[in-house]
Amino acid sequence: MASRTPTTRATTGVTTGTTPTSPQKAQSTAKRKTTAAQKVTATPKAPAKEKATVRKTPAGARNPKSADDSAQLIDFYRQMMLIRRFEERAARAYTQALVGGYCHLNLGEEAAVVGLMSAMRPSDYLFTNYREHGYAISRGIDPNRVMAELYGRIDGVSKGWGGSMHMFDITQRLLGGYGIVGGQLPLATGAALAIDYREGDEVVLCTMGDGTTNIGAFHESLNIAALWNLPVVYVIINNRLGMGTTVEKASAEPELYKRASAYRMASERVDGLDPLAVYAAAGRAIDSARGGKPFLLEVMTERLRGHSVVDPATYRSAEEVADLKENDPVHTLAARLVAEGILNDEALAKIDEEATALVVAAADFAAASPFPEISTLFDYTYATPVPNDSRRLPGEPLFAPEPLPGQEVSA
Amino acid sequence: MSIMTYRQALHDTLRAEMLRDDDVFLIGEEIGVFEGSYKITAGMLEEFGEKRVRDTPIAEEGFTGAAIGAAMLGLRPVVEIMTINFSLLALDQIVNHAAKIYGMFGGQARVPMVIRTPGGGGQQLGATHSQNIELYYAFVPGMKVVAPSTPADAKALMLAAIRDDDPVLFLENLALYNTKGEVPDDDTPAVIGKAAVTREGSDITLIGYSRMAYVASKVAEQLAESDGLDIEVIDLRSLRPLDRETIIASVKKTHSAVILEDDWLTYGIGAEIAATISDGAFDYLDAPVRRVAMAEVPLPYSKPLETAALPSTDDVIGAIRQTLEAVGHRTSTTGRKS
């Protein structure tokens, strides 16, 4: 098991410490065989062997039970259950046509979301992509407002202008879900540039899917962040599928965290089904970034359902689907809490009930919130008003009808 | 008031704004050590240091997006994209992000940034380095696009663009950098979204922007002298928002119009102007609206071909004379090329 020594922090001239893995081996190990943390560090020691994490027993059996850890685990479970129930409700609302557009869910990624968000300070900034409901909730945004955004209502986090893919809340420093794959990376890099410019101590955390690492913006952003020592953590949420395309089919280096080595950037891969492991790894990454060393963190997760609500994911085998159920992070953590004597079944059920109640309330709140007024349609084109801004609805003439030349006075 | 080049006006204004506001910084390729491909930022690195004059890798998407992100946190970046052709590499960041962030998040974040970039052909730079694609940005709500044609406007519009809280694409032009004009000493910003009537007249309206507004003024002067024509010239200055009222007021007075543009004819900026005139001054027109634009080809390298493809003063004069003939206007001379 990888040590937790902060070797990743003081990495000047970092190169990958692991030896190249053959594509075949990479493929065979890529599937859910991560140790709690695989690191690329400056230390030129022998590569940590990629041991299979035993998934049959609750993952936490290896960890000591401190009171702090117990409280943390309960808190994580509470948050994860809220995301789980929220996303299930969002899917239902979508099939009921209460939610429009696309709807991508964090189901299966709850441990990753909660571990990452818990490692951030309130003053840190988050940029994420279109699969972000869970991040918004975990960041502390009222689930009512998140659900209202899905419903396209005025009380939504983005006032109904963004929808599922474009949540934003300046007070919680969620600087956007972004719908264009990779679009958020240059922006996050720029936010980190602004922090650096003003000599602030905040960090930017920028999440993305595994498919994003193939986009130019990923490479341009990592290069710039590394060149300028910007306080940013790039986080790959690797659920092994970019829509229906596997990582192996899309990335010539399928161990995605290794891509950081091209920019001499420290990086690490962590088991995204274990919230404590994610929390610890995110803490290391954020510390590194706060010290002016950007970091690439790869979090191995599962996507329990299709790419979006409407995707039946027929490209997955029955065996794969069975595995998914076994790796469900919410169930895994519940089993761990019971096995370690932290919570009993009754307490677990109560947490579930509370989460469900919050989600029901959120759906009620969203349904009761009004749609934005049509009269506000032109309110958000420009922050600085300018003359001649076109404020015409479809079909309206450019100019009001007027009398023919020379007949102006005839009336 | 001082006489200076368009280049000098840009340089001096950027410098003055950097001195006025610590949040203003420059970012782009070769703007520091190299002092800018067109030397707009000459001396800036030495004066302001690397933090505020930031040379970037060749990564238009990366550094333009980084400027947007920095603007979201309240800085006021002025991006230099070496020529507008290279802005295509940053198209996603400009169109999908800079222009959308204010609206898409319900007004919670602003993007106060300027993207400076020159367009223009005629330098024998071939097909990929000679385009005028400002239309791509002028098409997008959320963007503001300005296109000064004089040193005075270069200053006034730059002041406005830097102090504006929205993303502004600031179109420069290779052929204008060395042109000279009077520049006021005070720093009064222009109003983005307003055109200027740069010459009053009653015979016909010429409408242009950037280099073609400059050409329009020259042609108007020339025809006043040679033909005694009284031509009104409109410099659009702002492509988005577009000042339709100024255009219509002029055409109602002159009853005819020729539109000058350096971009391609079909779907070009001129098509929008012509549609505006059709909507707002249909009953006032005495002749069809004419457009003079670049030939619709990838611009060739070879000089005679390149020259033939670009709109010239003779092309403009030809279109004016034909339009006036259609009106029935009598001028002192007639014939010219078509």
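Chain A is the first sequence line, chain B the second, and so forth, proteins listed ahead of strands; every chain is numbered from 1. These values consider heavy atoms only, across backbone and side chains, with no hydrogens, waters or symmetry-generated copies. On a predicted model such as this, the values are computed, not experimentally measured, just so you know.
Ranking R54(B), R163(B), E60(B) against chain A, the residue ahead of the rest is R54(B), based on heavy-atom pairs under 4.5 Å. Most heavy-atom pairs under 4.5 Å with chain B: of the set H219(A), R198(A), K159(A), E149(A), this distinction falls to R198(A). Among A66(B), P77(B), G74(B), P57(B), the residue with the largest count of heavy-atom pairs under 4.5 Å with chain A is A66(B). Ranked by heavy-atom pairs under 4.5 Å with chain A, the list K144(B), M72(B), K194(B) is led by K144(B). Put simply, of L89(B), I101(B), V191(B), I58(B), the one with the most heavy-atom pairs under 4.5 Å next to chain A is I101(B).
Within 6.0 Å of atom OH in Y102(A), 12 or fewer heavy atoms from other residues, nucleotides or ligands are found, so the atom counts as exposed in its surroundings. Applying the 6.0 Å contact sphere to CZ of F139(B) captures no more than 12 heavy atoms from other residues, nucleotides or ligands. The local environment of CZ in F399(A) is crowded, with over 12 non-hydrogen atoms from other residues, nucleotides or ligands closer than 6.0 Å. Other residues, nucleotides and ligands place more than 12 heavy atoms under 6.0 Å from the CD atom of E396(A). The 12-atom threshold is exceeded at CD of E47(B), counting heavy atoms of other residues, nucleotides or ligands nearer than 6.0 Å.
Using a 4.5 Å cut-off between non-hydrogen atoms, the part of residues 238-246 of chain B that approaches chain A consists of R240(B), P241(B), L242(B), D243(B), R244(B), E245(B). Of all residues in residues 165-178 of chain A, those placing a non-hydrogen atom less than 4.5 angstrom from a non-hydrogen atom of chain B are H166(A), M167(A), F168(A), D169(A), I170(A), L175(A), G176(A), G177(A), Y178(A). Residues from residues 123-146 of chain A that place a non-hydrogen atom less than 4.5 Å from a non-hydrogen atom of chain B comprise Y125(A), F127(A), given in numerical order. Applying a 4.5 Å heavy-atom cutoff, the residues of residues 381-395 of chain A that approach chain B are T381(A), Y382(A), A383(A), T384(A), V386(A), P387(A), N388(A), D389(A), R392(A).
Contacts of K100(B) with chain A are absent, with no heavy-atom separation under 4.5 Å from either backbone or side chain. Neither the backbone nor the side chain of A188(A) comes within contact range of chain B, judged by heavy atoms closer than 4.5 Å. For a residue to count as touching a neighbouring chain, one of its non-hydrogen atoms must lie under 4.5 Å from one of that chain's; by this rule D92(B) touches chain A with the side chain only. Within the 4.5 angstrom heavy-atom criterion, atoms from both the backbone and the side chain of D23(B) approach chain A. When heavy atoms are compared at a cutoff of 4.5 Å, I224(A) approaches chain B solely by way of its side chain, counted from C-beta outward. With a threshold of 4.5 angstrom between heavy atoms, D379(A) approaches chain B through N, CA, C or O but not through any side-chain atom.
Using a 4.5 Å heavy-atom threshold, the side chains of P186(A) and T64(B) count as separate.
Listed here is the closest heavy atom pair of W228(A) and T56(B): CH2-CG2, 3.9 Å. Here the shortest heavy-atom pairing between V157(A) and Q108(B) reads O-NE2, 2.8 Å.
Rounded to the nearest 0.5 angstrom, F63(B) CZ and N223(A) CG are separated by 13.0 Å. To the nearest 0.5 Å, atom CG of residue L187(A) and atom CD1 of residue I68(B) are 6.0 Å apart.
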Can you check side-chain contact (heavy atoms from CB on, under 4.5 Å) on Y197(A) and L73(B), steps first, answer last? CA-CA 11 Å; Y197(A) 190 95; L73(B) 262 63; over 6 Å; no
Does the side-chain contact (heavy atoms from CB on, under 4.5 Å) test come out yes or no for F25(B) and L193(A), once each step is laid out? CA-CA 11 Å; F25(B) 73 102; L193(A) 171 61; 4.1 Å; yes
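Looking at Q93(B), its side chain does come within 3.5 Å of a backbone N or O of G183(A) through a donor-acceptor pair. A donor-acceptor pair is defined here as one N or O able to donate and one able to accept, closer than 3.5 Å; no such pair exists between the side chain of E220(A) and the backbone of G65(B).
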